[in-house]
Asks: 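One structure follows; several queries about it will come next.
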Amino acid sequence: MPMPLFLVTLPRNDDNRNIFNLTEMCYLKIKVEPLRPKTGPAQCFRCQGFFHSSRHCTRNPKCVKCGKPHLTKDCIKPRDTEATCGNFQGNHPANYMGCLATH
């Protein structure tokens, strides 16, 4: 069973950099890593298209989970079913970094 992930945000200063030296907490071995920025082209949350944002998108909506023509927030697809990419119909959500549409 995977352990949970936690996001800790601290102001940038010399004292707070010491968090990366922690290897154990409450008798558990831990690994502290910096947050990796998302790489790849910007993706619209409305239509799942690339190189623009949803703020000014006028395209028809496309769900990130099932690829159907509705907003993701309105999707009724159960969590335990496999996602369908709205860009290439693969077995992953449309925002999957390994999708062919991101290359």
Side-chain angles (χ1 to χ4, degrees):
M1 180 173 162
M3 296 297 292
L5 298 175
F6 295 94
L7 175 63
V8 177
T9 56
L10 300 170
R12 289 183 184 230
N13 62 43
D14 290 335
D15 287 335
N16 290 339
R17 282 188 230 280
N18 290 329
I19 194 169
F20 296 105
N21 299 329
L22 291 175
T23 58
E24 189 176 309
M25 183 179 285
C26 298
Y27 305 103
L28 292 173
K29 289 185 184 255
I30 64 167
K31 182 176 182 182
V32 180
E33 299 175 326
L35 185 62
R36 293 182 212 134
K38 186 175 179 179
T39 58
Q43 185 173 14
C44 176
F45 296 117
R46 178 180 169 81
C47 72
Q48 309 313 317
F50 292 92
F51 304 106
H52 70 277
S53 73
S54 58
R55 176 174 275 183
H56 303 291
C57 181
T58 57
R59 295 179 183 174
N60 292 329
K62 191 182 294 183
C63 179
V64 72
K65 297 185 283 186
C66 70
K68 300 240 179 356
H70 59 258
L71 294 172
T72 301
K73 68 178 184 165
D74 299 330
C75 189
I76 58 172
K77 184 177 186 125
R79 285 183 171 259
D80 58 346
T81 59
E82 202 168 59
T84 303
C85 176
N87 295 315
F88 283 103
Q89 310 306 299
N91 295 336
H92 57 266
N95 60 358
Y96 172 60
M97 292 300 292
C99 180
L100 295 174
T102 63
H103 296 89

Asks: A side-chain contact here means heavy atoms from C-beta on lying under 4.5 Å apart; do Pro69 and Lys62 qualify?
Replies: no
Asks: Let me confirm one number: the SG-NZ distance from Cys63 to Lys77, rounded to the nearest 0.5 Å.
Replies: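 One finds 8.0 Å between SG of Cys63 and NZ of Lys77.
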Asks: Measure across Ala83 and Pro93 and return the closest heavy-atom pair with its distance rounded to 0.1 Å.
Replies: CB-N, 3.6 Å
Asks: I need the Ser53 OG to Phe45 CZ distance, nearest 0.5 Å.
Replies: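 Rounded to the nearest 0.5 Å, the OG-CZ separation comes to 9.0 Å.
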Asks: Which residues, ordered by chain and number, are linked to Leu22 in its hydrophobic cluster, where ILVMFWY side chains connect at heavy-atom gaps below 4.5 Å, directly or through other members?
Replies: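 In the cluster with Leu22 are Val8, Leu10, Ile19, Phe20, Met25, Ile30, Val32.
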Asks: Sequence neighbours left out, what passes salt bridge (charged side-chain N to carboxylate O under 4.0 Å, His left out) with Arg17? Give chain and number order.
Replies: Asp14
Asks: Are Cys47 and His52 close enough that some pair of their side-chain heavy atoms sits under 4.5 Å apart?
Replies: yes
Asks: Do Phe50 and Asn87 come within less than 4.5 Å of each other through their side chains, counting heavy atoms only?
Replies: yes
Asks: CG of Leu71 to OG of Ser54: how many Å apart, nearest 0.5 Å?
Replies: 9.5 Å
Asks: With sequence neighbours left out, write down each residue that passes side chain to side chain contact (heavy atoms under 4.5 Å, CB included) with Thr58, or none if nothing qualifies.
Replies: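 By the side chain to side chain contact (heavy atoms under 4.5 Å, CB included) rule, Thr58 matches no residue at all.
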Asks: Go through the structure and list residues passing ring pair (Phe, Tyr, Trp, His ring centres under 6.0 Å) with His70, not counting sequence neighbours.
Replies: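 Partners of His70 under the ring pair (Phe, Tyr, Trp, His ring centres under 6.0 Å) test: none.
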Asks: I would like to know whether Thr23 and Lys29 meet side-chain contact (heavy atoms from CB on, under 4.5 Å); could you show each step before the answer?
Replies: CA-CA 6 Å; Thr23 58; Lys29 289 185 184 255; over 6 Å; no
Asks: Do the non-hydrogen side-chain atoms of Gln43 and Gln48 ever get within less than 4.5 Å of each other?
Replies: yes
Asks: Residues in salt bridge (charged side-chain N to carboxylate O under 4.0 Å, His left out) with Lys31, at least two apart?
Replies: Glu33
Asks: Does Glu24 have any salt bridge (charged side-chain N to carboxylate O under 4.0 Å, His left out) partners at least two apart in sequence or in another chain, and if so, which?
Replies: none
Asks: Between Thr84 and Gln89 (side chain of the first, backbone of the second, donor and acceptor by atom type, cut-off under 3.5 Å), is there such a pair?
Replies: no
